[in-house]
Amino acid sequence: MMLLGLRSIIDSFTWAPQMGNLLLVLDKEGVEAPRYIEAPAAFMWHSLNAYDFGNDIVAEFVGYDNPDHFIGTNALLSEIMVGRKGNAVYPGTIRRYVINLKKNCIYQEILAHESYEFQIVNPHRLGHKHRHGYFTYSNDTALQDTGIAQFDMANGHRELFDFGSNFLVGEPVFASRPGTIYSGAEPEEEGWLLSQVFDLTTQTSFFAVFAANRIGDGPIARILLEHHVPISFHGCWRTQH
């Protein structure tokens, strides 16, 4: 139907969790042959981080038991385009895979059961063990994000600021403090978190600036705009000299 132009790519997808997932593991040096490892059925938009841990690989991400917000009848991402709420029952939960290369298997742990998305770590920690992850947060359903969360991946402690139901929060971007080298001795939250927020009441947008180590205190600054900006995904930050 898609090839005939009678159905979109998204409308052509189906969700078959009984088939499970296959995880492809590639050797960074290109020496070993690729491995396929069976994993529990899950849908993922974005990864948080992954790093070597002894002979294992630790990978953390936000996963869904069922992507009903994206695939299926009345999915949120299609219905919202025509002004309807749509389905989004299953939350995006914070998950950890420990990939055991010797046994060729995966151990999964769900670290938080609320609804999260748009995860990020301090970019200086990408590919290395990290302590904190930053996420958008929803107290309701998937992708209806109204808050920002810092999650301690070691002990599960969460710092949260929720703007409330009249706001939609975009993906946070980590901005490192100028001059910080991040050799491992410095706290990895040395910097700020930037997020675009849409105010449903005024129909305008603003940029919220958080101290990365004090998310629960709320924004230390708001850059107010006189117009709306479409909620978008993915960004980066650099210091302008």
Side-chain angles (χ1 to χ4, degrees), residues 1-24 36-50 59-99 106-120 133-149 151 153 156 158 160-172 195-198 200 230-235:
M1 299 295 285
M2 180 190 71
L3 295 177
L4 293 173
L6 300 176
R7 184 177 294 169
S8 70
I9 293 177
I10 294 176
D11 290 336
S12 301
F13 288 151
T14 57
W15 179 243
Q18 69 277 7
M19 297 181 66
N21 285 3
L22 275 181
L23 187 69
L24 175 62
Y36 291 90
I37 304 177
E38 293 186 358
F43 179 89
M44 179 190 77
W45 284 111
H46 308 109
S47 62
L48 177 66
N49 197 13
E60 294 167 338
F61 62 100
V62 167
Y64 299 82
D65 288 333
N66 186 317
D68 63 338
H69 64 283
F70 175 54
I71 299 173
T73 305
N74 300 323
L76 171 67
L77 288 186
S78 60
E79 291 298 296
I80 200 172
M81 301 299 179
V82 291
R84 295 190 292 263
K85 188 172 182 180
N87 294 331
V89 174
Y90 290 85
T93 58
I94 302 176
R95 305 180 183 210
R96 174 182 291 144
Y97 279 174
V98 178
I99 305 167
I106 292 173
Y107 301 94
Q108 175 179 261
E109 181 181 3
I110 297 180
L111 306 179
H113 292 268
E114 300 86 3
S115 190
Y116 299 87
E117 242 318 322
F118 300 120
Q119 54 270 38
I120 192 171
Y134 303 90
F135 305 80
T136 57
Y137 165 84
S138 172
N139 196 34
D140 186 12
T141 56
L143 301 185
Q144 299 288 311
D145 302 311
T146 61
I148 294 289
F151 195 85
M153 310 306 292
R158 184 183 70 179
L160 174 68
F161 182 82
D162 198 326
F163 286 92
S165 59
N166 286 329
F167 297 87
L168 293 176
V169 180
E171 177 183 60
S195 183
Q196 177 185 312
V197 184
F198 178 61
L200 294 170
I231 290 291
S232 59
F233 314 128
H234 315 320

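What you are looking at is a predicted structure, and each value in this text was computed from that prediction instead of being measured.
With hydrogens and angles disregarded, a donor-acceptor distance shorter than 3.5 Å links the side chain of Asn87 to the backbone of Thr73. Between the side chain of Gln196 and the backbone N or O of Pro230, at least one donor-acceptor pair lies under 3.5 Å.
Nearest heavy atom pair, residue Val89 against residue Asp68, reads N-OD2, 2.7 Å. Closest approach of Gly170 to Ile148, counting heavy atoms only: O-CD1, 4.3 Å. In terms of heavy atoms, Ser47 sits closest to Gln119 at O-CG, 3.6 Å. Contact detail for Ala88 and His69: the closest heavy-atom pair is CB-CB, 3.9 Å. Between Val169 and Gly147 the shortest heavy-atom distance is CG2-N, 3.7 Å. Across every non-hydrogen atom of Gly133 and Leu48, the tightest pair is CA-CD1, 4.1 Å.
Across Trp15, Phe43, Tyr90, a single residue satisfies side chain to side chain contact (heavy atoms under 4.5 Å, CB included) together with Asp65, and that is Tyr90.
If you check the side chains of Tyr64 and Arg95, you find no donor sitting under 3.5 Å from an acceptor. A side-chain N or O of Tyr137 and one of Asn139 form a donor-acceptor pair less than 3.5 Å apart. No hydrogens or angles considered: a donor-acceptor pair under 3.5 Å links the side chains of Glu114 and Tyr116.
With rounding to the nearest 0.5 Å, the separation of CG in Leu200 from OG1 in Thr146 is 10.5 Å. With rounding to the nearest 0.5 Å, the separation of OH in Tyr36 from CG in Asn21 is 14.0 Å. Remark: Phe135 CZ to Glu117 CD distance equals 9.5 Å, nearest 0.5 Å. The structure places CD1 of Ile37 at 5.5 Å from CD1 of Ile106, a figure rounded to the nearest 0.5 Å. Annotation: the span from Asn49 atom CG to Glu60 atom CD amounts to 7.5 Å, rounded to 0.5 Å. The line from CD1 of Ile94 to OG of Ser115 is 10.0 Å long, rounded to the nearest 0.5 Å.
Centroid-to-centroid, the aromatic rings of Trp45 and Phe70 come within less than 6.0 Å.
Aromatic ring pairs are classed by plane angle as parallel below 30°, tilted from 30° to 60° and perpendicular above 60°; the pair Phe61 and Tyr97 is perpendicular. Relative orientation of the Phe167 and Phe163 rings is tilted, given thresholds of 30° and 60° on the angle between their planes.
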- [ ] Check step by step if side chain to side chain contact (heavy atoms under 4.5 Å, CB included) holds for Met2 and Ile9.
- [x] CA-CA 6 Å; Met2 180 190 71; Ile9 293 177; 3.4 Å; yes
Task: side chain to side chain donor-acceptor pair (under 3.5 Å) assessment of Ser138 paired with Asp145 - done: CA-CA 4 Å; Ser138 172; Asp145 302 311; 4.9 Å; no
- [ ] For side chain to side chain contact (heavy atoms under 4.5 Å, CB included), just list the numbers for Val62 and Thr93, CA-CA rounded to whole Å, side-chain angles, deciding distance to a tenth of an Å, and then say yes or no.
- [x] CA-CA 5 Å; Val62 167; Thr93 58; over 6 Å; no
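Heavy atoms of other residues, nucleotides or ligands lying less than 6.0 angstrom from CG of Leu6 number more than 12. In Glu38, the CD atom is not crowded: 12 or fewer heavy atoms of neighbouring residues, nucleotides or ligands sit closer than 6.0 Å.
Residues satisfying the side chain to side chain donor-acceptor pair (under 3.5 Å) test with Ser195, not counting sequence neighbours, are none.
No side-chain heavy atom of Ile10 sits less than 4.5 Å from a side-chain heavy atom of Ile71.
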